[in-house]
Protein chains: 2
Amino acid sequence: MDTGDVFDPNCPTRVVLDRIGDKWSVLVLLCLADGPMRFTRLRSRIGGVTPKVLTQTLRTMEQDGLITREVFAEVPPRVEYALTDLGRSLHDPISAVATWAETHVAEILRRRERSA
Amino acid sequence: MDTGDVFDPNCPTRVVLDRIGDKWSVLVLLCLADGPMRFTRLRSRIGGVTPKVLTQTLRTMEQDGLITREVFAEVPPRVEYALTDLGRSLHDPISAVATWAETHVAEILRRRERSA
DNA sequence: CAGCATCCCCCTTGATACTG
DNA sequence: CAGTATCAAGGGGGATGCTG
């Protein structure tokens with residue numbers, strides 16, 4: 001397998017880029033960086049996400065080994081999500097992009113309007 | 001405008017994240033990091049992209065001020081795309097993510113299969 | 001060469017409602 | 001609380017063909 005060329009459509013790196021490009025995954029990761037968190041907490045912190053989509057996102061991230069899902073046999077039910085080492089290792093790169101975004105958003109919006 | 005909370009759905013930072021999440025923008029940016037490039041060159045280096053989508057991507061990136069588009073009045077026509085300073089400033093963060101992707105792709109795919 | 005025009009499809013995303 | 005079920009919609013993305 002060729003992991004050396006992101007430009008190759010068959011390159012598995014594309015898979016990762018797709019996941020990162022996902023609208024919610026990044027937000028979940030940034031959120032969980034503050035520590036383990038329950039479903040409802042995630043949902044309320046990440047504005048605009050529906051339960052279904054949040055569940056989908058969490059399941060996929062779990063399968064990819066980015067987060068863990070721990071169910072406590074209690075009433076009422078409690079489920080905690082947390083970053084794995086792999087997930088944590090992605091935090092810094094993602095965070096750098098987020099910081100860039102926050103820094104340059106204004107400029108981009110300005111240019112976008114100017115060319116509208 | 002509140003640029004401080006990525007979790008706010010109205011936060012313009014989301015806009016940038018969306019653009020970055022775009023399937024092709026990242027590839028274009030990585031590609032142009034090697035220097036100015038013509039349409040066809042971009043198209044052949046970025047496997048799997050159709051002209052229409054590539055054009056859309058380039059236009060949007062131009063409007064956002066990430067790249068420039070220079071048309072040479074020649075026959076046959078020649079159009080060169082290049083990164084702006086803004087675009088260049090995004091290269092490092094993006095590149096960090098890409099590197100992460102290449103490094104951890106194998107592990108992710110392994111986990112994904114294991115949980116399938 | 002560098003693209004625009006068209007048509008189309010599917011797949012994500014979402015709103016709403018319900019449940020173990 | 002932490003989800004599932006269902007249904008609807010929209011647009012990103014793609015194939016093809018044409019042109020300045």
Side-chain angles (χ1 to χ4, degrees), chain A residues 6-11 14-28 31-32 36-64 67-82 112 115, chain B residues 7-11 14-29 31-32 36-64 67-82 112 115:
Chain A
V6 233
F7 303 121
D8 179 350
N10 295 322
C11 174
R14 285 275 185 95
V15 174
V16 176
L17 251 17
D18 282 353
R19 175 110 7 271
I20 288 168
D22 175 65
K23 191 175 178 182
W24 304 110
S25 297
V26 172
L27 271 351
V28 167
C31 225
L32 288 181
M37 213 168 285
R38 302 173 63 173
F39 187 87
T40 305
R41 187 78 208 293
L42 277 168
R43 195 188 162 185
S44 66
R45 285 202 60 189
I46 302 176
V49 68
T50 58
K52 192 191 76 173
V53 173
L54 181 56
T55 300
Q56 283 174 356
T57 303
L58 291 169
R59 290 288 190 277
T60 305
M61 293 179 75
E62 187 192 3
Q63 283 178 9
D64 286 356
I67 63 174
T68 56
R69 178 176 182 270
E70 188 176 7
V71 182
F72 296 87
E74 303 174 359
V75 178
R78 183 160 63 101
V79 179
E80 285 216 327
Y81 294 92
R112 199 175 284 185
S115 67
Chain B
F7 302 120
D8 180 349
N10 295 323
C11 173
R14 286 275 185 94
V15 174
V16 177
L17 252 16
D18 282 354
R19 175 109 8 272
I20 288 167
D22 174 63
K23 192 173 176 181
W24 306 109
S25 297
V26 170
L27 272 349
V28 168
L29 193 140
C31 225
L32 288 181
M37 212 168 287
R38 303 175 63 173
F39 187 86
T40 306
R41 186 81 207 292
L42 276 169
R43 195 188 161 186
S44 65
R45 284 202 60 188
I46 302 177
V49 68
T50 58
K52 191 190 77 173
V53 174
L54 181 56
T55 299
Q56 282 175 356
T57 303
L58 291 168
R59 290 289 189 276
T60 306
M61 292 179 75
E62 187 192 3
Q63 282 179 9
D64 287 355
I67 64 174
T68 57
R69 177 175 184 271
E70 189 176 7
V71 183
F72 296 87
E74 303 173 0
V75 178
R78 182 162 64 102
V79 179
E80 286 215 328
Y81 295 92
R112 199 176 284 186
S115 67

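Sequence lines set the chain letters: A, B, ... in the order given, protein chains first and strands last, and positions in each chain run from 1.
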Output the rounded distance in Å from [atom1] ([X]) to [atom2] ([N]).
| X | N | atom1 | atom2 | answer |
| --- | --- | --- | --- | --- |
| A:Arg19 | C:dT12 | CZ | P | 10 Å |
| B:Leu42 | C:dA2 | CG | P | 9 Å |
| B:Leu54 | D:dT16 | CG | C1' | 17 Å |
| A:Glu70 | D:dC1 | CD | P | 19 Å |
| B:Gln56 | D:dA15 | CD | P | 14 Å |
| B:Ile46 | C:dA2 | CD1 | C1' | 15 Å |
| A:Met37 | D:dG3 | CE | C1' | 18 Å |
| B:Leu27 | D:dG13 | CG | C1' | 15 Å |

Separation of B:Leu58 CG from B:Tyr81 OH (nearest 0.5 Å): 4.5 Å
Euclidean distance, A:Asp22 CG relative to A:Leu17 CG, rounded to 0.5 Å: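 A:Leu17 atom CG to A:Asp22 atom CG measures 12.5 Å (nearest 0.5 Å).
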Any side-chain N or O of [X] under 4.0 Å from OP1/OP2 of [N]?
| X | N | answer |
| --- | --- | --- |
| A:Thr40 | D:dA2 | yes |
| B:Arg78 | C:dG3 | no |
| A:Arg38 | D:dA2 | yes |
| A:Arg59 | D:dA2 | no |
| A:Tyr81 | D:dG3 | yes |

Could you please name the option among [options] that lies closest to any side-chain atom of [X]?
| X | options | answer |
| --- | --- | --- |
| A:Thr50 | D:dG14, C:dC1, C:dA15 | C:dA15 |
| A:Phe39 | D:dA2, D:dC1, D:dT4 | D:dA2 |
| A:Val79 | D:dG3, C:dC4, C:dC1 | D:dG3 |
| A:Arg69 | C:dC1, D:dA2, D:dG14 | D:dA2 |

Exercise: identify the closest heavy-atom pair between B:Pro36 and B:Glu80: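 Scanning both residues, the minimum pair turns out to be CB-OE1, 3.8 Å.
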Closest non-hydrogen atom pair, B:Met37 against B:Cys31: CE-O, 3.4 Å
B:Leu54 side chain near B:Val28 side chain, heavy-atom distance below 4.5 Å: yes
Whichever of B:Pro51 and A:Glu80 has its nearest DNA chain D nucleotide further upstream toward 5': A:Glu80
Quiz item: B:Lys52 side-chain donor-acceptor pair to C:dG3 base, under 3.5 Å: no
